[in-house]
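What's counted below: heavy atoms across the whole structure, side chains too, no hydrogens, waters or symmetry copies. Counting convention: from 1, in listed order, for ligands and their atoms alike.
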Amino acid sequence: MSTAESFPPLKNDLLLRAARGEKVERAPIWIMRQAGRYLPEFHEVRKNHSFFEICRTPELACELTLQPIDRYGTLLDGSIIFSDILVIPQALGLEVEMIAGRGPVFNDPLVTPDDLSRLKKDVDVDKELGYVYDAITLTRHKLEGRVPLFGFIGAPWTLMAYMIEGGGSKTLSKAKSWLWKYPTETHGLLQKITDVSVDFLVGQVRAGAQLLQVFDSWAGELSPYDFNKFSLPYIQQISTKVRQRLAEANLPDVPMVIFAKGAWFALEDLTDIGYNVVSLDWTIDPAYARKVTKDKVVLQGNMDPSVLYGGDEAIRETATRMVHAFGKDGKHIANLGHGILPTVDPEALKVYLETVQRVSAEIRK
Ligand SMILES: Cc1c2[nH]c(c1CCC(=O)O)Cc1[nH]c(c(CCC(=O)O)c1C)Cc1[nH]c(c(CCC(=O)O)c1C)Cc1[nH]c(c(CCC(=O)O)c1C)C2
């Protein structure tokens with residue numbers, strides 16, 4: 001495997017500097033789910049391969065990671081490895097397929113704690129998910145230092161929810177019933193996912209990931225009380241243990257981002273659990289977030305992804321307002337408030353990227 005020393009030098013380190021809280025000349029920008037379904041070049045590749053076949057083929061995962069970077073050039077300041085949060089449930093032994101028009105489907109989801117015996121006892125993460133590491137290492141080379149590369153995972157609560165619901169769900173009622181019916185087994189499952197996640201994130205950094213993001217996409221489905229019990233302790237463990245393990249292995253202490261979608265109530269707690277960056281969805285006002293987080297973390301986000309359907313004028317106006325609201329003193333990484341939606345026109349995204357870069361540079365002059 002390549003060592004960090006042998007990667008091409010980074011030409012645009014704006015995202016890394018901003019994530020560490022340094023004062024930078026303009027807000028860097030990248031987009032959650034930037035490699036994927038809204039791009040025609042993605043569908044060209046996808047029509048010949050299943051989704052997880054792409055994830056498991058480093059050349060294809062690399063090609064898709066680079067697609068938005070090739071298309072938008074210097075308008076993007078970061079990249080994220082093409083993969084999915086559901087590779088961890090797969091590594092734990094569950095079968096997941098990606099069905100067109102439906103999203104992920106588990107063939108045999110967890111129904112009661114008896115089903116936990118179907119999960120692998122000792123997961124050799126490096127063996128099971130080595131294909132993600134290979135994709136990261138290859139991509140670091142092919143990026144040629146244009147922008148830094150994110151590795152990522154899904155947070156334990158979000159993954160547990162998928163493993164029980166068996167796919168997307170409106171209410172999460174099956175997964176939530178575990179919290180109260182089987183609290184001991186729930187904590188056991190969350191701990192198991194956490195342990196695998198720590199190994200996996202460390203492996204991603206060893207392979208070349210320069211930042212890490214934890215997606216707790218379903219955080220906002222929990223009450224504040226249940227979030228504090230079933231999500232927060234595990235995402236905190238992840239940042240603490242990953243940093244310990246990186247230090248022990250002499251690996252770089254990479255910036256970590258937490259995105260707990262919908263968890264506006266947790267904003268203050270999220271500033272104290274070892275992440276450099278807190279990613280905001282669009283329901284949180286940037287000035288409010290700045291006040292609550294007391295400038296302890298960098299903020300990421302947060303335009304409503306649906307504004308990209310609103311026409312160029314609305315995009316420019318909303319993006320300008322957002323950049324001003326995060327303020328000219330920095331500590332902002334621009335993004336959307338959640339992933340870009342599959343039917344967005346790629347040209348609309350370009351208007352957003354251009355506006356953010358231009359306005360953010362202007363106000364910091
Ligand atoms: C970071 C990432 C993810 N998925 C993909 C990426 C890499 C691409 C990128 O972001 O650039 C590819 C990625 N993942 C998927 C696709 C489309 C697959 C296809 O049909 O071709 C792509 C390109 C499939 C997928 N995978 C998932 C869904 C959502 C299902 C639901 O509503 O519950 C879906 C539809 C699960 C998933 N996957 C992911 C999340 C966290 C972010 C979020 O909240 O959006 C989640 C919840 C994360």
Side-chain angles (χ1 to χ4, degrees), residues 29-56 60-72 76 78-90 96-106 109 132 135-136 139 147 149-172 174-175 197 200-201 204 209 211-221 257-263 279-282 300-301 305 335-344 346 349:
I29 184 163
W30 72 282
I31 301 296
M32 288 188 261
R33 313 294 288 267
Q34 67 188 25
R37 297 166 295 175
Y38 70 107
L39 290 178
E41 53 270 38
F42 166 78
H43 291 284
E44 269 309 301
V45 177
R46 178 74 168 86
K47 69 180 187 214
N48 302 315
H49 305 276
S50 79
F51 176 75
F52 286 112
E53 180 191 342
I54 296 175
C55 296
R56 292 195 182 110
L60 292 175
C62 171
E63 180 183 342
L64 294 195
T65 305
L66 295 180
Q67 281 181 346
I69 307 302
D70 291 338
R71 175 185 272 263
Y72 295 108
L76 280 173
S79 59
I80 180 160
I81 194 64
F82 190 90
S83 180
D84 198 81
I85 62 169
L86 300 176
V87 298
I88 284 187
Q90 288 176 331
V96 189
E97 280 177 84
M98 204 56 79
I99 313 274
R102 253 184 91 188
V105 176
F106 285 64
V132 178
I136 287 174
T139 304
V147 289
L149 177 65
F150 265 100
F152 70 92
I153 53 156
W157 154 245
T158 289
L159 291 185
M160 166 184 160
Y162 273 106
M163 289 162 75
I164 296 170
E165 295 292 335
S169 155
K170 277 220 160 67
T171 61
L172 300 190
K174 292 182 192 146
S197 300
F200 187 36
L201 288 176
Q204 293 188 56
L211 308 101
L212 297 171
Q213 177 153 324
V214 177
F215 289 91
D216 203 355
S217 304
W218 284 349
E221 297 300 316
V257 183
I258 179 70
F259 177 48
K261 181 170 183 289
S279 200
L280 307 176
D281 66 55
W282 63 94
Q300 175 173 276
N335 203 308
L336 294 172
H338 195 193
I340 185 166
L341 293 162
T343 53
V344 161
L349 177 58

Visitor: Do Gln90 side-chain atoms and Val96 backbone N/O form a donor-acceptor pair below 3.5 Å?
Guide: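 Looks like yes, one N/O pair under 3.5 Å.
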Visitor: Non-hydrogen atoms closer than 4.0 Å to ligand 1: which protein residues do they belong to? List them by chain and number, please.
Guide: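 Around ligand 1, where the cutoff is 4.0 Å for heavy atoms, the contacting residues are Arg33, Gln34, Ala35, Gly36, Arg37, Phe42, Arg46, Phe51, Ile80, Ile81, Phe82, Ser83, Asp84, Ile85, Met98, Pro104, Phe152, Tyr162, Gly168, Phe215, Ser217, Trp218, His338.
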Visitor: Please tabulate, one pair per line, all N/O donor-acceptor pairs under 3.5 Å involving side-chain atoms of residues 151-165, not counting sequence neighbours.
Guide:
from: Trp157; atom 1: NE1; to: Trp218; atom 2: O; distance (Å): 2.8
from: Thr158; atom 1: OG1; to: Asp216; atom 2: OD1; distance (Å): 2.5
from: Thr158; atom 1: OG1; to: Ser217; atom 2: N; distance (Å): 3.1
from: Thr158; atom 1: OG1; to: Trp218; atom 2: N; distance (Å): 3.1
from: Glu165; atom 1: OE1; to: Ser169; atom 2: OG; distance (Å): 3.4
from: Glu165; atom 1: OE2; to: Ser173; atom 2: N; distance (Å): 3.3
from: Glu165; atom 1: OE2; to: Lys174; atom 2: N; distance (Å): 3.0
from: Glu165; atom 1: OE2; to: Ala175; atom 2: N; distance (Å): 2.8

Visitor: I'd like to know if the side chain of Gln67 and the backbone of Phe42 have a donor-acceptor N/O pair within less than 3.5 Å.
Guide: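 Looks like yes, one N/O pair under 3.5 Å.
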Visitor: Just by distance, do the side chain of Asp281 and the backbone of Gly337 share a donor-acceptor pair under 3.5 Å?
Guide: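 No; zero donor-acceptor contacts below 3.5 Å.
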Visitor: Test of understanding: with side chain to side chain donor-acceptor pair (under 3.5 Å), list the residues that count as partners of His49, not counting sequence neighbours.
Guide: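 Testing His49 for side chain to side chain donor-acceptor pair (under 3.5 Å), a comparison that skips the adjacent residues, returns Glu53.
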Visitor: With sequence neighbours excluded, tell me which residues meet side chain to side chain donor-acceptor pair (under 3.5 Å) with Arg33.
Guide: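 Counting only residues at least two positions away or on another chain, Arg33 forms no side chain to side chain donor-acceptor pair (under 3.5 Å).
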